[in-house]
Each structure stands twice: as C-alpha cells, then as structure tokens.
Q: 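Please find one structure pasted underneath; my questions will follow.
Computed over heavy atoms, backbone and side chain alike; hydrogens, waters and symmetry mates excluded. Here is the naming used below: chain letters follow the sequence lines, and residue numbers restart at 1 for every chain.
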There are 2 protein chains.
Amino acid sequence: MQDEDAFRAATMYYLQNQTMDVIATTLQVSRSTVSRMIAHAREVGMVRIAVEQPTSRSGQNLGHRLAATFGIRAHVVPVRPRSTELQRLDQVAAVAANLLGQWFTSRMVLGVAWGTTVSAIAGHLRRMPTTGSTVVQLNGAANTYASGITYASDLIGAIAENFDATSQHFPVPAFFDHPETKTLMWRERSVSRVLDMQRRVDIALFGVGALTAEVPSHVYSAGYLTDQEMTALTADGVVGDVCTVFHREDGSYRDIEINSRATGPTPRELRRIARRVCVVVGDRKVPALLGALRARVATDLVLDETTAGNLLERATARPS
Amino acid sequence: MQDEDAFRAATMYYLQNQTMDVIATTLQVSRSTVSRMIAHAREVGMVRIAVEQPTSRSGQNLGHRLAATFGIRAHVVPVRPRSTELQRLDQVAAVAANLLGQWFTSRMVLGVAWGTTVSAIAGHLRRMPTTGSTVVQLNGAANTYASGITYASDLIGAIAENFDATSQHFPVPAFFDHPETKTLMWRERSVSRVLDMQRRVDIALFGVGALTAEVPSHVYSAGYLTDQEMTALTADGVVGDVCTVFHREDGSYRDIEINSRATGPTPRELRRIARRVCVVVGDRKVPALLGALRARVATDLVLDETTAGNLLERATARPS
DNA sequence: GCGGGTCCTGCACGTATGTGCAGGATGCTT
DNA sequence: AAGCATCCTGCACATACGTGCAGGACCCGC
C-alpha cells in the first residue's frame, strides 16, 4: 500500500529521526524513493508541523503587542526586510495555509471570501482529508462585465477539494445594483440555503480590501464598482472592505450606501463566527486593516512583520 | 532575544520552507548559526511534528486491527526487521515521547510508573514548558536491599523538569512485607497526599513487566521479590504486572496474594484515568501485555510492529 | 589589568537530501 | 499481441545540512 509505506517512512524520519538511508534499507527501496515517499507524506498532510511562539517573554514583540492592542491572536510572519510585496504575500499565505490546516477538521464549516489573498492561501494548502465538512463562499462574485464566477468558483472548489469537503457557491453578484433586488434574492431558496450555511460557519477566512491602494484590490479594479461609486465611497471616508462590506478607519460601516447592496456578511454578522481569520499583506492596507480590526471582524490575524509594525504605529499614533 | 530569533528561523524553515541560507541572510548570521538555532527550536519544543495515520484504508494494518480487537488506540512503530530489542526500545520510546509531548499540556497531572521502558521514554522527551502541571509517581520503589529511591526519584524528577512541572514522589517500597503496614501507611498524610494526586491523574504512563522474561524486568531482578514469592506467582498463573500489580493472561488479578501488598494502582483504579498510555517492546512481554489489555488498563498502546504482530497472533490463536 | 574560564560564531568538511533523466514495468487501446 | 501512454524506480549529480574545531567576545575573581 502506497500510503502505508509513506507513513512508515515519515514516522521513522520525523519521529525517530532515522536517516533516509536506514529507512531505505528497512523498506527495501532506494534512498531516493524514500525521499519521494516522505515528500509525498508531507504533501498529503500526513505530517503536520507546527511552530509555536515560546510562551515566555515579556510581550514586547509585535505579536503580543498586536494581541494586547486589538484583543486578537496575532500570527506575525517573519519576512526578509527587502522582499517584494509579492514575496511577502507568498510567505504569509504559506503560514496561513498551515494554520488553516491545523484548525480545520472534520464536520466543520469553512467560510471563505475570495480575492488575491485568499487565492494565494489556497495555492499553499497541503492536502488534508476530512469528512463531513463544507466550504461555503461568503460573498457574491459576479460583476457587470464578466461573470467572475469562474474565478471564485474555482477558488472555492480548490479549497473544498483540498479538504475533501463539499463546496457551497454563492450565485449572486458582488454588489446588487438595487437594494430591492437583494431583498428579493435573499428570499430565494437557492440563496437562502447558502445564507443558512453561512450561519453555521466555524472558521471564516478573508483578507481586507484597501480603497487607498496604489494597486487596487480585485474588487475595485475588475469593474465591480463604477467611478461614481468610488467617488461616493471616498467622500464617505471609506478606507476599505471586508467581504465586500465597506468600513471607515474608525471601524464604523453604517450609512455607507453601497453596503445595502453588498452581498457579504457585515462585521456584526461575522462576529457570530467563532474563529475569524484575517490575512493581510501590504502596508497600503494598513488603514483598511485598522478599521477592520476596530470593527472586530477578526479573532486571528495573519500578517507579515513590516505590515504589523506599521499597523501598530498607526494604531498608537492616531487613536480613534 | 535568543528564542525570538529561533522562532523566526524555525517559522521560515518549517512553515515557509526557505533554505537556511536565505534565513541566514535575513537574520544576518551565518548559515551554521541558523542550523543551530533551528536545532535549538526543536529541542525546546517550539517545533511540533506529528505524523498521522492516513484516515482511509481498510483496517487491514496492525494498528487498526489492534484498535478493533482491544478497543484502544494503537500506535504501531515501524522498526527494521532485524533490529535488536534495545534498538526497538529506543525507537518506540522516541515515538512515545513525542506522543506524550503532544498530549500533555498545562494544568494536567501526569502519572508515571518507573522501569526500563519509562526510563527510555524519559530519555527521549523534548523540552516542553507547561505551567501548573504535576508529575506524580504511581507506585513505590524502595526494595529490601537498596533504597531504589534514587532511581525512581531521578526519573520522576527528569520528566517533571522537562515539562516545568512539580514532581510528587511516592515514598514507599514497591511491595510491603505485610499487608497491614500498607493499610497503616495509606493513612499517613505524606502518603495519602500522593494518593489524592494519583486520583487526579489525566495521563498515566507505564509499561508492563513480564514474569516469563528471559531477561527479567527490573521489578523481578533487583531483589524486589524473593524466590519464594516468584514461585507463588508462577503457581498462580501470573504472567506479568502493571505498576507492580500482577495479573494473569486472561486479565484477572484477584486472589494474587502479593497484590495486597503492592503499592501501585490496580487495573480498576487505573481505569478511572482518562488517558492511559502503555508502552511495550519485546516479544517476551506478549503474554503479560495480553493480560494487561484484557484488564483494560490502557487506552493507548505504543509498541513496535513485531511485538504488535505477535500480540495479535496470540490474541486470536488463544481467545480467552 | 591579567589569567582562565565559558559561551558563541564562522569556517570547512563530510554526510544527507532533492531532482532530472533514462530505463523498465504496468495497463489500456486497437 | 503490438503500440502507446503512464507511472515508478534507481542512478548520478548538485545542493543543502550538521558538526568538530579554532578564534574571539565576554565575564569573573584576584
């Protein structure tokens, strides 16, 4: 049996730290095969590696300070000082994927937003079979120009497949044009089924969108919003969004017209979810992130250390 | 900060799988230092590695068959077919130590027996700081000839130290000469304090002693039992012991005179403990192990695969 | 301020590990 | 049964990693 030998090899390698040569002899195969078997074992999630903050030490480091400031669990990812934002995204996504793999188990429901960040995370997931679990899309994804559904749909599908979970898509646009349409659609059974599932989410996974971005987030670039809408948002003091629901830097999100047409859960709705994992990379996202944290959308924050530093600085420099 | 950098290095290495060279550049140290930092991180338990049985597959393998036969969780350790018993002990102990490290956390109470097996496990523990936890000795250790206390005491102390736990010794002989002495001692506060702690044990760790051993177990060799007592045990059909309480191959342990003078918990008392980890190596221990399992002393069994094979064979060949 | 610890680092070397490639097995198709 | 595609293996090489050793920083105590 394929996996059986991989398990033996992985056990001998990681738990008993034998060299691959010894394992090869035991299993009567070549050393290279053992190398491949162990790689396989890692890929299918048979091997789980966790690195934990040493418990001691006076909360002087970024992680503890973030935790103390915002009442969240912070996972600060070390990155090289001069790495590009894309590299950082990759690193942070790798860590987030690992964490998700540890937290998500059988019979759970995972809610995911869609976007560059979540997509990067999906790319780093390591196969981990579960049973009876579900992956549900948190916000709509079709826009006026392209259906956009393929993208979000592939993403959800890939994540679900990774966990052997069933996937639940959300067949609505990111924003409705008219609030009334939303009200009506929300009564459709095809939609309300998804909404029901969203209420059962155990872990939510999302990034934040930044309105102020030099490189605009997917939501703003791909024709989801008109110029007119963008202007209105700016005038309202909006800095970004979480799951297509916009907010200001102080964490408020009321009286923002477009939110009545948005399809994702509001911060208030999100807060009903036990574990809410927010993954962020990029200094330009700091104001949006600050607002998101003040709206208490996250219980866990995964970010690179430079962004973390900037976030803390801005949070303490301009207390809301 | 020492640990801080080790954490960064370990994260980059294990979670983002960067090469040590890259990490060295980032941290501005030499690659060898990074290698040492990561080794350090592993040693202090900052890195946790678990290997899990792939969930699938038709319970044809030893682990599943053992689990099904005895209603326990079985952890079968792969070993080289021609390895010596000492090597196997080493391998199995490494795995057991790893499992213990995963299970034992802050504010728990760990009960340990003492003996060759437990001693080997202690040697493989990786440092893992906890708070508010306790390690308590499960059975007495002084015999007629030598105090024996040093040995058991060092063992308990070493395990406790590994977890930053307080240790609770059990200052009584392995066996009393007269049952009445036991009764009286059990009322002493110094003893009853330990007994109270034993009742709060969350995880128990022990091996099994085999009476039939070619190489006799510590308990039988070191002058703990007289020749006369050994003869009596054999006549009674005794095959081995768990925590100095003897049992027969069918799992019964009543009407064995010496048990009334033994200091360890009986199977019945053990069964009150939620997790009971039995670690066994050696074919000669199979009959004793079989009896122990039938007495339901264990919830988790860690053993090498040849012993596992023999155990299953004997269990099915001679159903009690 | 000087000898003698102890601890830590980088170097250099040998060993352990990952991977492109080519040959062989297996299984499916025609 | 031959043809073809796919998968798997071992070889050989390049790379990555662990560790003994020697030099330097630091800390004491006198």
Side-chain angles (χ1 to χ4, degrees), chain A residues 1-51 54 56-57 78-81 83 87 90-91 94 97-98 123-124 126-127 161, chain B residues 1-51 54 56-57 78-81 83 87 90-91 94-95 97-98 123-124 126-127:
Chain A
M1 181 104 277
Q2 175 73 285
D3 281 353
E4 181 64 17
D5 280 343
F7 173 74
R8 290 186 47 148
T11 304
M12 296 179 85
Y13 188 73
Y14 285 109
L15 264 33
Q16 311 172 206
N17 43 214
Q18 309 270 315
T19 85
M20 294 190 181
D21 241 328
V22 173
I23 301 173
T25 311
T26 309
L27 265 52
Q28 307 271 5
V29 293
S30 80
R31 194 186 52 68
S32 0
T33 301
V34 174
S35 172
R36 282 187 261 259
M37 284 196 299
I38 291 174
H40 170 77
R42 269 199 309 264
E43 255 154 37
V44 300
M46 208 181 283
V47 177
R48 210 177 289 195
I49 302 185
V51 180
S56 59
R57 213 163 358 75
V79 291
R80 321 174 53 174
S83 54
Q87 289 172 324
D90 203 57
Q91 316 277 306
N98 188 290
H124 279 279
R126 303 214 184 138
R127 175 121 183 88
E161 195 182 335
Chain B
M1 182 103 282
Q2 174 73 283
D3 281 354
E4 182 64 16
D5 279 344
F7 173 74
R8 289 185 49 147
T11 305
M12 295 179 86
Y13 187 72
Y14 284 109
L15 265 32
Q16 315 176 16
N17 46 216
Q18 308 269 316
T19 85
M20 293 189 181
D21 244 326
V22 174
I23 302 173
T25 311
T26 309
L27 265 50
Q28 307 271 6
V29 292
S30 81
R31 193 184 52 68
S32 0
T33 301
V34 174
S35 171
R36 282 187 260 259
M37 284 197 300
I38 291 173
H40 170 76
R42 269 198 309 265
E43 256 153 37
V44 300
M46 207 182 284
V47 177
R48 210 176 289 197
I49 302 184
V51 181
S56 58
R57 214 164 356 78
V79 291
R80 321 173 54 176
S83 54
Q87 289 173 324
D90 203 59
Q91 316 277 305
V95 173
N98 188 290
H124 280 278
R126 303 213 185 140
R127 175 123 183 87

Q: Expressed in angstrom and rounded to an integer, what is the separation of B:Q18 atom CD from D:dT15 atom P?
A: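 The answer, rounded to whole Å, is 18 Å.
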Q: Taking all non-hydrogen atoms of both residues into account, name the closest pair between A:F7 and A:M46 and its distance.
A: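 Shortest heavy-atom separation between A:F7 and A:M46 comes out as CA-SD, 3.5 Å.
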Q: Tell me the interatomic distance from A:H40, atom NE2, to C:dT19, atom C1', rounded to whole angstroms.
A: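 The distance from NE2 of A:H40 to C1' of C:dT19 comes to 18 Å, rounded to the nearest Å.
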Q: Check whether any side-chain nitrogen or oxygen of A:T33 sits under 4.0 Å from OP1 or OP2 of D:dG10, and answer yes or no.
A: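 For D:dG10, OP1 or OP2 has a side-chain N or O of A:T33 closer than 4.0 Å.
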Q: Can you name the closest pair of heavy atoms from A:V47 and A:A10 and give their distance?
A: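 Of all heavy-atom pairs spanning A:V47 and A:A10, the closest is CG2-CB, 3.9 Å.
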Q: To the nearest 0.5 Å, what is the distance between OH on A:Y14 and CD1 on A:I49?
A: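 So the gap between those two atoms works out to 5.0 Å.
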Q: A:A94 and B:L15: which non-hydrogen atoms are nearest, and at how many Å?
A: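 In this case the closest contact between A:A94 and B:L15 is CB-O, 3.7 Å.
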Q: Just by distance, no angles: are the side chains of B:N98 and B:H124 close enough, under 3.5 Å, to form a donor-acceptor pair?
A: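 The answer is no; no qualifying pair exists.
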Q: For B:H40 versus B:A6, what's the shortest heavy-atom pair and its separation?
A: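 Where B:H40 meets B:A6 most closely, the heavy atoms are CD2-CB, 3.9 Å.
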Q: A:I23 has an atom CD1; how far is it from atom C1' of D:dG10, in whole Å?
A: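 Interatomic distance, CD1 of A:I23 to C1' of D:dG10: 17 Å.
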Q: Using atom CD of B:Q28 as one end and atom C1' of C:dG10 as the other, report the distance to the nearest whole Å.
A: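 It is 15 Å, rounded to the nearest whole Å.
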Q: So which protein nitrogen or oxygen atoms get under 3.5 Å of nucleotides 18-20 of chain D's nitrogens or oxygens?
A:
residue : atom : partner : partner atom : Å
D:dG18  : OP2  : B:S35   : OG           : 2.8
D:dG18  : O6   : B:R31   : NH2          : 2.8

